[in-house]
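One structure below.
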Amino acid sequence: MKQFSKLHRQIFSITTTLALITIVIISVGIASLLYTQGIDNAESVLRNKNRSVTTLINGYVAPLRKAVEYTSRPTSGIDHNHFREQETQEKIRSLFEILQNTIPNIHFIFSGYEDGSLLINDYTPPSDFNAVIRPWYQAAIKSHPFMSDGIPYQDINSKKWVVSFGKTLVDAGNKIVGVISIDAGMDAIVKALAIPDEKYPTIYNFVMDTEGKILIHPDKTLPDTLHQQIFSHLPGKMHASGSLSYSDGEQKRLAHFNRIDELGWIVVTEVNLSDIRQPIVKTITSTLLMIVIGSLFTTWLMSSILSRHLILPLKKLQKRVQDITEGKDELDKYVFPNNEIGKISEAIEKLTEKALIQKNIELKDKNALLSTISHTDQLTSIANRRKMMEVLHAEVSLYQRKHRPFSVLMFDIDHFKRVNDSFGHEVGDQVLVKLAQVIKTTIRKTDTLGRWGGEEFVIVCPNTDQKMALTIAENVFLAIHSHTFPLQINVTVSLGLSEFTINHSLESILVEIDQKMYRAKQTGRNRIQT
């Protein structure tokens, strides 16, 4: 009977070893999953907080910027060309008073003119005051004809955060006669930046400009340069928002950012990575401890059951063999069940193999469908931006290896917003679909057409120089002009094209054709810029 006791120990040893291996594998998988989920949760918190602050800022400054735009236009009922006349000055001050009463966030609203004078309510400037040399005036001049970026500063007396917006005033000949500017309190934004997070105490919000200068940060005890090192890790202007991790030499941080192009601001929300990892490690430790205890108990229970169902029949078999050798007659009282483990195993294996083959077929079909979906624009059924980037990478690689030329065309539908505003987004979608169909039938089979985003499209032309690309662009223009679009809408495009050269990179040629397309729009639209 000792050999069966040894078998019992072997079964326990085998099941325990398998359990320990399983525990290690499961523990690694769960630890990885929990860590990934923890980081994802932290990124989600950062992203939501950052979006919340960005939305607040956008909503906060929108009426201020509209007030500046409205005041600078002739539709406001004021002709700033006559700013020296008493009647005009009274109208301007009256409008300033109405805006201040309507928009409580306005701290000051004022206008400065080319002769250095200043018009403002409830304030008399010093006798030597010269509006022209003031920073808000210079910022508006520098940004002409657009509104100046939001310039935050702390009020000298109250130490409260204020933001300034300015826009040039022009006469009928488009000559600058002055600047209208609004200073608005930023208390609500500073408070929003300073809201703490219970789960991640080191979360911190701040605002920097496009040159990396810290503009607004809620903790007055910290230096303005504390979080400046993140600027070198931010991706280019093509990325309006995103997440990143970086090290400032002392701390590793996780951050999310959002660009507000209208203000020239970058809103950043960051947290110390150690602040995220600590609760994750605690969760992983407690979870793994429970798994180990539960697995060891399950192993003991499994070993006991296996021993009872396997060793006991073997003991009976041993007793039967011993009875036969001793010539005992009570052989018929030993009844053993038929062992079908082998047959069951074979049947299960066949069923599993069949099911696995079917699953593999289904998975292959789904992967093929997923690949198509991930590379196709759902509206126009042409290549999407991801696919176009793959095509561009491939062409750049061919150029680097074999010097095979290729050209890139980028175009944008002129005044497409008017189509959506006048006829609705459904008609706008029909225009996009028809335009894609027209161009697809116009270009060569070797060319690849893709939707870059919104109403922007890109055509990649392999083995094509600048001259041939221009011919393709002219064919595209001819096809668009000769096609009748839904509701007789007149569709034109502004197009930029470039041939890839040895001086180009993928990033630089994309920036170049985007700038060319923009120049085509600036110079009148419905044209090709080479």
Side-chain angles (χ1 to χ4, degrees), residues 57-58 60-73 76 78 80-81 83-84 88-89 91-100 102-171 174-190 207-217 224 260-266:
I57 292 175
N58 281 325
Y60 193 88
V61 303
L64 305 175
R65 292 174 62 83
K66 288 181 179 178
V68 173
E69 288 284 358
Y70 173 77
T71 312
S72 66
R73 293 174 181 171
S76 64
I78 296 176
H80 289 275
N81 297 325
F83 67 89
R84 293 183 180 88
T88 301
Q89 292 180 5
K91 286 183 178 181
I92 293 172
R93 287 194 177 97
S94 176
L95 178 60
F96 287 172
E97 184 177 359
I98 292 172
L99 290 173
Q100 283 182 293
T102 305
I103 307 174
N105 297 327
I106 294 179
H107 194 59
F108 287 110
I109 178 168
F110 46 90
S111 55
Y113 298 94
E114 58 183 347
D115 63 352
S117 62
L118 178 75
L119 286 178
I120 186 172
N121 284 333
D122 302 326
Y123 177 74
T124 302
S127 58
D128 60 345
F129 184 87
N130 186 356
V132 174
I133 65 174
R134 304 304 297 167
W136 51 268
Y137 193 103
Q138 294 297 320
I141 295 294
K142 185 178 179 181
S143 300
H144 177 77
F146 305 105
M147 192 179 304
S148 64
D149 292 341
I151 306 174
Y153 65 92
Q154 283 184 296
D155 186 83
I156 296 176
N157 298 320
S158 65
K159 300 301 181 182
K160 291 185 177 180
W161 280 101
V162 177
V163 64
S164 175
F165 302 96
K167 193 173 191 303
T168 51
L169 302 169
V170 296
D171 59 16
N174 209 34
K175 178 185 175 183
I176 297 175
V177 299
V179 168
I180 177 75
S181 183
I182 282 182
D183 287 353
M186 297 284 284
D187 287 350
I189 293 176
V190 174
V207 177
M208 62 171 54
D209 64 16
T210 54
E211 296 179 356
K213 180 182 177 182
I214 303 297
L215 300 178
I216 309 174
H217 68 116
D224 289 346
I260 307 179
D261 294 331
E262 296 85 359
L263 305 180
W265 291 3
I266 304 173

Passes side chain to side chain contact (heavy atoms under 4.5 Å, CB included), V170 versus H144? Steps please. CA-CA 10 Å; V170 296; H144 177 77; 3.7 Å; yes
Approximate separation, where rounding is to 0.5 Å, of [X] [atom1] and [Y] [atom2]:
| X | Y | atom1 | atom2 | result |
| --- | --- | --- | --- | --- |
| K167 | I176 | NZ | CD1 | 10.0 Å |
| L119 | K91 | CG | NZ | 14.0 Å |
| D171 | N81 | CG | CG | 5.0 Å |
| R73 | L169 | CZ | CG | 12.5 Å |
| I266 | T210 | CD1 | OG1 | 6.5 Å |
| N105 | L64 | CG | CG | 6.0 Å |

Minimum side-chain heavy-atom gap L99-I106 below 4.5 Å: yes
Check whether any side-chain heavy atom of S111 lies under 4.5 Å from a side-chain heavy atom of F83, and answer yes or no. no
Report the C-alpha distance between D115 and R84 in whole Å, list the side-chain angles of each, state the deciding distance to 0.1 Å, and finish with yes or no for side chain to side chain contact (heavy atoms under 4.5 Å, CB included). CA-CA 10 Å; D115 63 352; R84 293 183 180 88; 3.9 Å; yes
Contacts of N130 meeting side-chain hydrogen bond (donor to acceptor under 3.5 Å, both in side chains) (sequence neighbours excluded), chain-then-number -> none
Checking the side chain of [X] only, and the main-chain atoms of [Y] only, is there a donor and an acceptor separated by less than 3.5 Å?
| X | Y | result |
| --- | --- | --- |
| S143 | A140 | no |
| H80 | T71 | yes |
| N121 | R93 | yes |

Taking every non-hydrogen atom, the tightest pair across A131 and S117: CB-O, 3.5 Å
Of the non-hydrogen atoms in F165 and M147, which two are nearest, and what is the gap between them? CB-SD, 4.1 Å
Parallel, tilted or perpendicular, as decided by the 30° and 60° cut-offs, for the rings of F110 and W136: perpendicular
In terms of heavy-atom contacts, does CZ of F129 have more than 12 from other residues, nucleotides or ligands at under 6.0 Å? yes
Test I109 against I103 for side chain to side chain contact (heavy atoms under 4.5 Å, CB included), laying out the working first. CA-CA 11 Å; I109 178 168; I103 307 174; over 6 Å; no
Does Y70 form a side chain to side chain contact (heavy atoms under 4.5 Å, CB included) with L95? I'd like the steps, not just the answer. CA-CA 11 Å; Y70 173 77; L95 178 60; 4.1 Å; yes
